[in-house]
Amino acid sequence: MLELRKDIFADERDDNLKEIGKGTQRQDMLGHVTGTSSYFNDHKLQGMLHLKVVRSTQAHARIRGIDTTDAERSAGVRRIIRGADVPVNLNTLLSLINFGKDDEPSLAVDKVRYKGEPIVAIVADSEREAFEAIAKVRVDYEPLPAVFDVEDALKPGASVVNETYPKNTFTYHETYDHQRLRFGDADAALATADHVLEQRYQMSPIEHAPTETNGAIAAPDTNGRYVVYTSTQALFFSVDTCAKILDVPSNTFHFIGGTVGGGFGGKVDTLTEPLAILGAMLTGRPVRYVFGREEEMQYGPPRGAERIYIKDGVMRDGRVVARKIRCYFDSGAYTRLSSYAAVKCAAHLPGPYTIPNVYGDVYCVFTNRTPATAMRGFGVTAMDFAIECQMDKLAHLVGMDPMEFRILNAYRDGDMKAHRREAKNTALIECVQVAAEKAKWPLREEFKRASSRKDGGGSRAVIPPTPTDSSGARSPAPAQQRTSYDRLPPAVTREPPREPPPPTPPPSPRPPAPSHGATRFSSVFGTRRR
């Protein structure tokens, strides 16, 4: 268990957290209300050039040719940048912590894999001249079949979106094509449940829509370094990503973050800094690269779409005895952070409820859509939405009050989670009780007296026998059946026993650490690396 060292900066911290009723002022409030907060775009540098990009008009196509002849002759154009000019033209953010393979080019070379993918960057004296030049670039495309649905992407014969992952699924630990959770025997419990409810939930992509769009300004410094003003939410990730893409030591850059004019996760990816810096390197002058509003809305990375299937077994008394979940994260054309979102999702199953039999499969799937990224609890938010909708439907199915239904199934201290960790400091019961009180929602006395600190542990703390299944290739997903929650579901039959799993393959050797970047802590694996 990781414990925080509270002796560090003890003279600067106050853990009392007694703020309700106080007029505590935000540290940045004065600058905001007086209009004096400094943003990256407030820096107007002498001789600054402007960078804009030619974006793909196709969702999936082979690039047969790029003609920049007219653009090169266009007024004000100082430099045209193509994929061959980028020192390391493949990257993925989490490769900095050895999690995933480099799969996304800064500028597309042979193919485009989503509509809006950058192909050519043009640096000009003004934004207008840059826009006029990119309109003169001609790209010859050979259209390819595109796939936009996560389940279609997993069907045999589906078009390969990203050749780094030819099965259209992210590969974990160089072996597994999805995240798995197995706890107890969900199929056997479903067969004995009084009711079985199966539902499908769909979340669409969501654009963050920050007031300030993504952008950066890079300028040569007097000491051979480059100063970068940026709106990033992940300053050190951005430094190391730029060092990797531009193949220089990270101390080549002096990044200045300043105030972010709205991010919500949408400014974690390093989208503008590498090309802005490269433009400054190639021209010797400051370069500004800022998304327009249309670019931000159409091509900026959204929260990814998610599709979730939940199949629950519940007894007449309201106890949920089994839960099977299959979830698909639409990563878009490249990995970005969706692979990590799937890890977070699997770590959150089955929500804050004690369920003795849980079976989960979580896939990170590639499609020919805009690559997705972080947004406010991504990996957990959509799953919470689906689980809580399901809990309301289950309560209705067994004729229970939905608040009381949650109290009955909530974690209590000492319960065993599906991840084989003991539940501690649980408080869902108390939260429901307070919410009911505030909403004047009537609860029966036995549920008013319930507590997260009692009735847990014991038989609820036992790790049940869990059937194992094969650890290698993905088996075809069964057809899903949607069951209306106000009807009795059809009878459930237990699947035949699975064959014993094959021997576990030896672990693959760990790839050598890259030479760039500093020591980092991995929130995915809890380890340090160079």
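- Lys244 has a carboxylate O that lies under 4.0 Å from a charged side-chain N of Asp102, or vice versa, which qualifies the two as a salt bridge.
- Looking at Asn41 and Arg288, their side chains do bring a donor and an acceptor atom within 3.5 Å of each other.
- Inter-residue side-chain proximity for Arg82 and Val120 is flagged as met; some heavy-atom pair is nearer than 4.5 Å.
- The aromatic rings of Phe99 and Tyr172 are tilted relative to each other, their planes meeting at an angle between 30° and 60°.
- Here Arg336 pairs with Asp269 in a salt bridge; the nearest charged N to carboxylate O distance falls below 4.0 Å.
- Classification of Lys155 and Asp152 as a salt-bridged pair holds, one side-chain N sitting under 4.0 Å from a carboxylate O.
- Side-chain atoms of Thr92 do not come within 3.5 Å of backbone N or O of Ser95 as any donor-acceptor pair.
- A donor-acceptor pair is defined here as one N or O able to donate and one able to accept, closer than 3.5 Å; no such pair exists between the side chain of His60 and the backbone of Thr367.
- Between Asp125 and Arg78 a salt bridge is recorded (basic side-chain N to carboxylate O distance below 4.0 Å).
- Judged as a salt bridge (Lys or Arg N to Asp or Glu O under 4.0 Å), and not counting sequence neighbours, Asp103 has no contacts.
- For the pair Arg55 and Phe291, the cation-pi test (distance below 6.0 Å, angle within 45°) is passed.
- For the pair Lys344 and Tyr340, the cation-pi test (distance below 6.0 Å, angle within 45°) is passed.
- Between the side chain of Lys52 and the main chain of Ile122, no donor-acceptor pair closer than 3.5 Å is present.
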Walk me through whether Asp149 and Arg307 qualify under salt bridge (Lys or Arg N to Asp or Glu O under 4.0 Å).
CA-CA 10 Å; Asp149 182 88; Arg307 181 172 301 161; 2.7 Å; yes

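- Side chain of Arg369 to main chain of Tyr114: no donor-acceptor pair is present (N/O by atom type, distance under 3.5 Å, no hydrogens or angles).
- Between Phe170 and Tyr165, the distance from one ring center to the other falls under 6.0 angstrom.
- Taking a 6.0 Å sphere around CZ of Arg293, one finds it holds more than 12 heavy atoms contributed by other residues, nucleotides or ligands.
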Dump the intermediate steps for side chain to side chain contact (heavy atoms under 4.5 Å, CB included) on Val290 and Asn214, then the final yes or no.
CA-CA 6 Å; Val290 182; Asn214 276 273; over 6 Å; no

Donor-acceptor contacts, no H, no angles, side chain residues 374-391, under 3.5 Å, sequence neighbours left out:
| from | atom 1 | to | atom 2 | distance (Å) |
| --- | --- | --- | --- | --- |
| Thr381 | OG1 | Arg376 | O | 2.8 |
| Thr381 | OG1 | Gly377 | O | 2.9 |
| Asp384 | OD1 | His348 | NE2 | 2.5 |
| Glu388 | OE1 | Tyr353 | OH | 3.0 |
| Glu388 | OE1 | Arg406 | NE | 2.7 |
| Glu388 | OE1 | Arg406 | NH2 | 2.9 |
| Glu388 | OE2 | Tyr353 | OH | 2.9 |
| Gln390 | OE1 | Tyr201 | OH | 2.7 |
| Gln390 | NE2 | Leu197 | O | 3.4 |
| Gln390 | NE2 | Asp312 | OD2 | 3.4 |

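- Glu212 and Ser231 make their closest contact through OE1-CB, 3.5 Å (heavy atoms, listed as atom of the first residue, atom of the second, distance).
- Take Glu294 and apply the salt bridge (Lys or Arg N to Asp or Glu O under 4.0 Å) test, not counting sequence neighbours, and it matches no residue.
- Side-chain contact check for Thr69 and Glu72: no donor-acceptor pair (N or O, by modelled atom type) lies under 3.5 Å.
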I'd like to know whether Glu163 forms a salt bridge (Lys or Arg N to Asp or Glu O under 4.0 Å) with Lys111, so could you lay out the CA-CA distance, the side-chain angles of the two residues, the decisive distance to 0.1 Å, and finally the verdict.
CA-CA 11 Å; Glu163 286 75 11; Lys111 282 185 180 181; 2.5 Å; yes

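- Here the side chain of Asn168 pairs a donor or acceptor atom with the backbone of Ser159 at under 3.5 angstrom.
- Atom NZ of Lys438 has 12 or fewer heavy atoms from other residues, nucleotides or ligands within 6.0 Å.
- Checking side-chain atoms of Arg326 against main-chain N and O of Asp361 turns up no donor-acceptor pair under 3.5 Å.
- Residues satisfying the salt bridge (Lys or Arg N to Asp or Glu O under 4.0 Å) criterion with Asp140, sequence neighbours excluded, are Arg64.
- A distance-only check finds a donor-acceptor pair linking the side chain of Ser37 to the backbone of Gly31 [under 3.5 Å].
- The stretch residues 34-54 participates, sequence neighbours left out, in these ring pair (Phe, Tyr, Trp, His ring centres under 6.0 Å) pairs: His43-Tyr229.
- In this structure a side-chain-to-backbone donor-acceptor pair under 3.5 Å is missing from Gln298 to Glu295.
- Taking both residues in full, the closest heavy atoms of Leu337 and Leu93 are given as CD2-CD2, 3.7 Å, listed atom of the first, atom of the second, then distance.
- For Lys136, the salt bridge (Lys or Arg N to Asp or Glu O under 4.0 Å) test picks out no residue, with sequence neighbours left out.
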